[in-house]
2 protein chains.
Amino acid sequence: MTDNPSYKERKVITIGVVSELTGLTERQIRYYEERKLIFPERSPRGNRKYSFADVEQLVEIANKREEGVQTYEIRQDMLKAQRLRDEKRNRKELLRGEINARFGIQKN
Amino acid sequence: MTDNPSYKERKVITIGVVSELTGLTERQIRYYEERKLIFPERSPRGNRKYSFADVEQLVEIANKREEGVQTYEIRQDMLKAQRLRDEKRNRKELLRGEINARFGIQKN
DNA sequence: CGTGTAAGGAATTCTGACACG
DNA sequence: CGTGTAAGGAATTCTGACACG
């Protein structure tokens, strides 16, 4: 209620706390950012801030890494999943557009 | 899913971020703790950690303060609200007990 | 009472780099 | 490639205290 109720997405957690939460070292967390697996925000001074969603993402990355999956592969999988989500969304919009074309504009 | 999905209650936010989020100074935030209006956890070293629920609580406190309400009164209101919640819970349990006494133990 | 501030110290975080493998 | 570590600096946080009102 403060301003945005999506507690899961708000980037408010510092790297030290993320380290505690995930069991990863700060070095690892920064490295995964370098490999474009995670995208923290920055405070005015430059301190990284993560969301709970980021924390979960990091746990998944950690699991993959334990299985020996390289960061490059993890990134490829992420991109693929992203593409699938985008396509799905696009198909939905396309369908909506067709419906509107035939039956006219209507809310919802 | 990491371990506890209650993002709203997890105490993971440092005082600096809470200050940004609420607009309160760190001095004020610490003072409200001294007056028992807010109860952060502590990191191993002693750094305060707050939840989103705490942040919302602080915003409410800030509003009350702007209206001129003193911290003591705010605390009294909090305690009263807590008592009401407790009583409600107790009445519920009492009722459950009576039902069980008459109709025997049953789950739920 | 509620809040600002200067004080001193300890822990945090950041970046770039060297190391190993 | 993925991670550890020492390096140096800047920002963060903590406590206890003095100040004002």
> Report yes or no: is there a donor-acceptor pair, N or O only, under 3.5 Å between the side chain of B:R27 and the base of C:dT5?
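A donor-acceptor contact between them is present.
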> Quiz question: by atom type and distance under 3.5 Å, do the side chains of B:E67 and B:N63 form a donor-acceptor pair?
no
> Please report the distance, rounded to the nearest Å, between CZ in B:R75 and C1' in C:dG2.
17 Å
> A:Y31 side chain N/O closer than 4.0 Å to the phosphate oxygens (OP1, OP2) of D:dT3?
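So the side-chain polar atoms of A:Y31 never come under 4.0 Å of the phosphate oxygens OP1 or OP2 of D:dT3.
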> In whole Å, what is the span from the CD atom of A:E33 to the P atom of D:dT3?
15 Å
> What nucleotide among D:dT3, D:dG2, C:dC14 has an atom nearest to a side-chain atom of A:R35?
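Of D:dT3, D:dG2, C:dC14, D:dG2 is nearest to the side chain of A:R35.
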> Please pick, from C:dT13, D:dG2, C:dG4, the nucleotide with the shortest atom-to-atom distance to any side-chain atom of A:Q70.
D:dG2
> Let's see if you can work this out: which of C:dT3, D:dT3, C:dC14 has an atom nearest to the side-chain heavy atoms of B:R65?
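Of the options given, the side chain of B:R65 lies nearest C:dT3.
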> Taking the minimum atom-to-atom distance to the side chain of A:R45, which one of C:dT15, D:dA10, D:dC14 wins?
D:dA10
> Say you draw a straight line from CD1 of B:I38 to OH of B:Y50; how long is it, rounded to the nearest 0.5 Å?
7.5 Å
> In terms of the nearest nucleotide of DNA chain C, which residue is placed more toward the 5' end: B:T71 or A:I15?
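The residue mapped nearer the 5' terminus is B:T71.
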> Within this structure, what is the CD-to-C1' distance between B:E66 and C:dT3, rounded to whole angstrom?
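Going from CD in B:E66 over to C1' in C:dT3 covers 15 Å.
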> How many Å lie between CD on B:E20 and P on D:dT12, as a whole number?
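Rounded to the whole Å, the gap is 9 Å.
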> For the pair made of CG in B:L24 and P in C:dT3, what is the distance, rounded to whole Å?
8 Å
> Write down the distance between CD1 (B:I29) and C1' (D:dT15), rounded to a whole number of angstrom.
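Distance, rounded to whole Å: 16 Å.
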> Side-chain N or O of A:T14 less than 4.0 angstrom from OP1 or OP2 on C:dT13?
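Checking A:T14 against C:dT13: at least one side-chain N or O falls below 4.0 Å of OP1 or OP2.
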> Is the phosphate of C:dG16, meaning OP1 or OP2, less than 4.0 Å from a side-chain N or O of A:R30?
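Result: no.
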> Using whole Å, report how far CD of A:E34 lies from C1' of C:dC14.
14 Å
> Within this structure, what is the OH-to-C1' distance between A:Y32 and D:dT3, rounded to whole angstrom?
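The answer, rounded to whole Å, is 8 Å.
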> Just to verify, which of A:K11, A:R45, A:K49 counts as forming a salt bridge (charged side-chain N to carboxylate O under 4.0 Å, His left out) with B:E20?
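Exactly one candidate clears the test, A:K49.
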> Tell me which nucleotide among D:dG2, D:dC14, C:dG4 gets nearest to the side chain of B:R48.
D:dC14
> Taking all atoms of both residues into account, what is the closest heavy-atom pair of B:Y7 and B:F52, and its distance?
O-CD1, 3.6 Å
